[in-house]
Amino acid sequence: MLYDLHTHTTASDGLLSPTELLGKASEMRLPGLAITDHDTIDGLEEARRFIAENSLALDFVPGIELNTELTEKEIHILGYFIDYHDHRLLGRLQEIKEARLERARKMINRLVVMGLNIDLDQVKRLAQGDLIARPHIAQALMENSYVFSVKEAFDKYIGKGRPAYVNRYKFLPEEAIALINEAGGIAVLAHPGLIRNDSLVEDIIALGIEGIEVFYPEHNHKQILKYSAFCQQHQLLITGGSDFHGYGKEEGRGKFGSFGVSREKMQNIFDYQQNRSKKQARRT
Ligand code: AMP
Ligand code: MN
Ligand code: MN
Ligand code: MN
């Protein structure tokens, strides 16, 4: 049984609420999981409360996946064990939310000019929260019968380089790492295989990343070996997760619980975090 350390809920672009996701985890008897919504902590309190109220016997890791960019490449940084009341983190996330809303407005305008009528209220309703991501725009295009799938919406309209794509706000990996560390969390490089550029991966290691997501649905056997070797060489934590979003297999990455880390690897992560907390306590 694996600890799935990469999942999304309705707080970002997943289809299950934190409660529904935890219900599923409990049914499947997963030993533990992390919720890692894009650029938001909005699902974490609900998750924590649901676990406490139902005395669920699973290890819950409060997490986040920060979407950053470096030399035009998307770099996603996972944060684990973050203090989700940290003021600096919350302030920055609020700015990102606003920038995402502006970006959605621009993308919707482009679509409307192209004759595809969707509107912001519809996209907001589909987002089920105030964090808007491209999949919500894709869902609106589907709802209005312009496309058959989320994937088709990305391929035709809103994927990078497609006509309705609008660039993201500026957010660098080093800022994401610092933000996570300052909130007491561990910063991990998500799905390095998707970056398709290992010299960039080495650059991010040099920025002070503490772990690499080695186990991931789109990593092949060779990549798993390569990134495990990176971890050994640079003394980084090995993590893994399914990137579960709750929609179709082809569009939602992995099946929940099908990727992650063993109990032994999870123990390494817990130990590392405990040492950090001790060090921090000594400093203050
Ligand atoms: P955003 O953060 O608003 O730029 O949206 C990015 C999200 O869109 C990612 O987290 C994925 O969940 C989803 N996504 C990105 N590319 C694709 C694609 N080609 N097909 C389906 N979903 C995608
Ligand atoms: Mn996503
Ligand atoms: Mn990602
Ligand atoms: Mn993800």
Side-chain angles (χ1 to χ4, degrees), residues 4-16 21 34-40 42-43 63-70 72-80 93 96-108 110-111 120 123-124 126-142 147-162 164-171 173 176 187-196 201 204 212-219 239-254 256 259:
D4 189 337
L5 299 180
H6 191 155
T7 67
H8 295 273
T9 74
T10 45
S12 67
D13 56 352
L15 289 186
L16 301 187
L21 184 71
I35 289 179
T36 54
D37 278 307
H38 302 287
D39 300 337
T40 183
D42 290 351
I64 195 162
E65 180 177 24
L66 294 171
N67 290 25
T68 75
E69 254 179 33
L70 188 61
E72 300 265 306
K73 281 271 191 185
E74 285 228 14
I75 310 288
H76 293 180
I77 309 285
L78 294 159
Y80 292 120
L93 294 180
I96 290 173
K97 238 179 216 174
E98 284 157 21
R100 278 181 167 278
L101 178 65
E102 249 344 277
R103 181 183 185 221
R105 274 207 182 94
K106 287 185 191 155
M107 292 182 57
I108 292 166
R110 289 201 182 185
L111 289 163
L120 186 61
V123 172
K124 278 185 177 166
L126 290 164
Q128 300 185 57
D130 57 2
L131 185 121
I132 300 179
R134 279 181 290 160
H136 305 127
I137 296 177
Q139 285 161 27
L141 288 170
M142 246 171 91
V147 293
F148 290 105
S149 67
V150 169
K151 185 172 185 302
E152 188 187 351
F154 275 86
D155 291 348
K156 284 196 176 151
Y157 304 114
I158 59 173
K160 196 157 189 164
R162 307 311 300 154
Y165 179 80
V166 172
N167 258 334
R168 204 195 292 274
Y169 46 86
K170 202 170 169 58
F171 191 30
V188 170
L189 176 62
H191 42 64
L194 298 188
I195 300 172
R196 299 185 201 296
V201 172
I204 295 156
I212 294 182
E213 186 174 52
V214 171
F215 300 103
Y216 187 75
E218 292 184 31
H219 285 173
T239 78
S242 66
D243 208 355
F244 177 75
H245 281 71
Y247 22 86
K249 188 167 162 264
E250 160 199 0
E251 335 185 300
R253 309 280 187 226
F256 181 45
F259 289 83

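Every number for a ligand or one of its atoms is a count from 1 in the order of the listing. The analysis underlying the following values was restricted to heavy atoms, covering all of them including side chains, and did not include hydrogens, waters or symmetry mates. Every value quoted in this text rests on a predicted model; they were computed, and no experiment measured them.
- The nearest N/O/S atom of E65 to the Mn ion (ligand 3) is OE2.
- Close N/O approach between R103 and ligand 1 is found [any backbone or side-chain N/O within under 3.5 Å].
- Which parts of ligand 1 touch N67 is read off a 4.0 Å heavy-atom cut-off, strictly below it: atoms 2 (O).
- With no hydrogens or angles considered, no side-chain donor-acceptor pair links D13 and H136 at under 3.5 Å.
- Using a 4.5 Å cut-off on side-chain heavy atoms (C-beta onward), R110 and Y165 make no contact.
- Residue R100 approaches ligand 1 through these ligand atoms, each under 4.0 Å from one of its heavy atoms: 1 (P), 2 (O), 3 (O).
- Atoms of ligand 1 lying under 4.0 Å from at least one heavy atom of A133, given by number and element, are 3 (O).
- The Mn ion (ligand 2) is closest to atom NE2 of H38 (considering only N, O or S atoms).
- Side chains of R162 and D155 form no contact here, defined as non-hydrogen atoms less than 4.5 Å apart.
- Atom CG of D37 is separated from atom OG1 of T9 by 3.5 Å, given to the nearest 0.5 angstrom.
- The only member of R103, R134, E102 that meets side chain to side chain contact (heavy atoms under 4.5 Å, CB included) when paired with V166 is R103.
- Taking 2.8 Å as the threshold, E74 does not count as a candidate ligand of the Mn ion (ligand 3), since none of its N, O or S atoms lies below it.
- When heavy-atom distances to ligand 1 are checked against a 4.0 Å cut-off, D13 comes that close only through its side chain, counted from C-beta outward.
- The N, O or S atom of H76 with the smallest distance to the Mn ion (ligand 3) is ND1.
- Residue contact check for ligand 1: P135 places a non-hydrogen atom closer than 4.0 Å to it.
- With a cut-off of 2.8 Å, the Mn ion (ligand 3) has an N, O or S atom of H191 in range.
- Side-chain rings of H219 and H191 stay apart, their centers remaining 6.0 Å or farther from each other.
- Of the possible donor and acceptor atoms, none in the side chain of T36 sits under 3.5 Å from a partner among the backbone N and O of H6.
- With a 4.0 Å cut-off on non-hydrogen atoms, H245 touches ligand 1 through its side chain and not its backbone.
- Note on ligand 1: R168 sits in its first shell, one or more heavy atoms being nearer than 4.0 Å.
- Any N or O atom pair closer than 3.5 Å counts here, and R134 shares at least one such pair with ligand 1.
- No donor-acceptor distance shorter than 3.5 angstrom exists from the side chain of D42 to the backbone of A11, with no hydrogens or angles considered.
- If you number the atoms of ligand 1 from 1 as listed, the ones under 4.0 Å from a heavy atom of H38 come out as 10 (O).
- Between the side chain of N67 and the backbone N or O of H38, no donor-acceptor pair lies under 3.5 Å.
- Taking the Mn ion (ligand 2) as the apex, the angle formed with OD2 of D13 and NE2 of H245 is 110°, to the nearest 10 degrees.
- Looking only at side-chain heavy atoms (C-beta outward), L5 and F215 stay at 4.5 Å or farther from each other.
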